[in-house]
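In what follows, every heavy atom counts, from backbone to side chain, and hydrogens, waters and symmetry copies are set aside.
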Amino acid sequence: MPMRNSLFVLLSLVMAAGAASAEEASVDLAGIGGRTCAYWLSSRDHRQEGTVWIYGFWSGLNYVAVSSQQDQSKANDATMIAAVEAACKGKPSRILATAAWSAYIDSSGK
């Protein structure tokens, strides 16, 4: 139960801080999520690796949202990746996790 409460508090604080603040935060990320959007989009192999990472990250955000009684994103796989790609193309120097987070927040509010 304490873990669930911690996740709820964490998600609430991050959502309140907004996606812009997430770009300034220092978060320990595993895998390609810590690389730039330009890196993700630079090759077919990177694109595939990033896509798998995005699926897991998005699923994790949905899990936390549901467990903290918040709305989750209902985006399908294609919509999810298209949203992250659009966020990345707008700012290729952005970290992939930040672009995915922004895309998730945008899709969750719809």
Side-chain angles (χ1 to χ4, degrees):
M1 192 62 115
M3 180 65 148
R4 181 178 173 180
N5 291 338
S6 297
L7 289 174
F8 174 73
V9 169
L10 176 64
L11 185 60
S12 298
L13 289 173
V14 172
M15 289 182 83
S21 296
E23 290 187 47
E24 300 167 9
S26 176
V27 178
D28 291 328
L29 296 167
I32 196 170
R35 302 296 297 260
T36 65
C37 286
Y39 180 84
W40 174 50
L41 297 170
S42 69
S43 76
R44 184 172 184 237
D45 287 344
H46 296 160
R47 175 98 182 184
Q48 289 176 334
E49 180 185 0
T51 297
V52 171
W53 186 91
I54 292 164
Y55 291 155
F57 183 73
W58 201 284
S59 296
L61 291 172
N62 272 345
Y63 187 91
V64 172
V66 168
S67 65
S68 60
Q69 300 175 355
Q70 296 182 45
D71 292 336
Q72 65 178 311
S73 170
K74 301 290 187 192
N76 64 34
D77 292 354
T79 302
M80 179 189 319
I81 298 305
V84 176
E85 185 175 341
C88 278
K89 287 184 175 178
K91 189 174 179 185
S93 62
R94 190 178 216 189
I95 298 299
L96 180 58
T98 303
W101 170 255
S102 295
Y104 180 86
I105 294 299
D106 290 345
S107 74
S108 297
K110 295 177 184 174

Novice: Nearest 0.5 Å, please: how far is CG in Asp45 from CD1 in Ile32?
Specialist: 10.0 Å
Novice: Nearest 0.5 Å, what's the CH2-CG distance between Trp58 and Asp77?
Specialist: 10.5 Å
Novice: Determine whether a donor-acceptor pair (N or O, by modelled atom type, separation under 3.5 Å) exists between the side chain of Trp53 and the backbone of Ala97.
Specialist: no
Novice: Please name the pair of heavy atoms, one in Ala75 and one in Ser73, separated by the smallest distance, quoted to 0.1 Å.
Specialist: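 Looking at all heavy atoms of both residues, the shortest contact is N-OG, 3.2 Å.
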Novice: Are Leu61 and Trp101 close enough that some pair of their side-chain heavy atoms sits under 4.5 Å apart?
Specialist: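 In contact.
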Novice: List the atom of His46, the atom of Tyr39, and the distance in Å for their closest heavy-atom pair.
Specialist: NE2-OH, 2.9 Å
Novice: Are Val84 and Tyr104 close enough that some pair of their side-chain heavy atoms sits under 4.5 Å apart?
Specialist: no
Novice: What heavy-atom pair brings Ser68 and Val64 nearest, and what distance separates the two atoms?
Specialist: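 Nearest pair, atom of Ser68 first, then Val64: OG-O, 2.7 Å.
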Novice: Counting only heavy atoms not in Arg47, do more than 12 fall under 6.0 Å of its CZ?
Specialist: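 Yes.
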Novice: Within the structure provided, determine whether Leu96 and Leu29 are in side-chain contact (heavy-atom separation under 4.5 Å).
Specialist: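 In short, these two side chains do not touch, never coming nearer than 4.5 Å.
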Novice: Rounded to the nearest 0.5 Å, what separates atom OG1 in Thr36 from atom NZ in Lys91?
Specialist: 12.0 Å
Novice: Can you name the nearest heavy-atom pair linking Asp71 to Ala65, along with the distance?
Specialist: O-CB, 3.6 Å
Novice: Any heavy-atom pair between the side chains of Thr79 and Ser107 that's under 4.5 Å?
Specialist: no
Novice: Measuring from atom CD1 of Ile54 to atom CD of Glu49, what distance do you get when rounded to the nearest 0.5 angstrom?
Specialist: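 Answer rounded to 0.5 Å: 10.5 Å.
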Novice: Quick check on the hydrophobic clustering: are Val52 and Ile95 connected, directly or via other members, by side-chain heavy-atom contacts under 4.5 Å?
Specialist: no
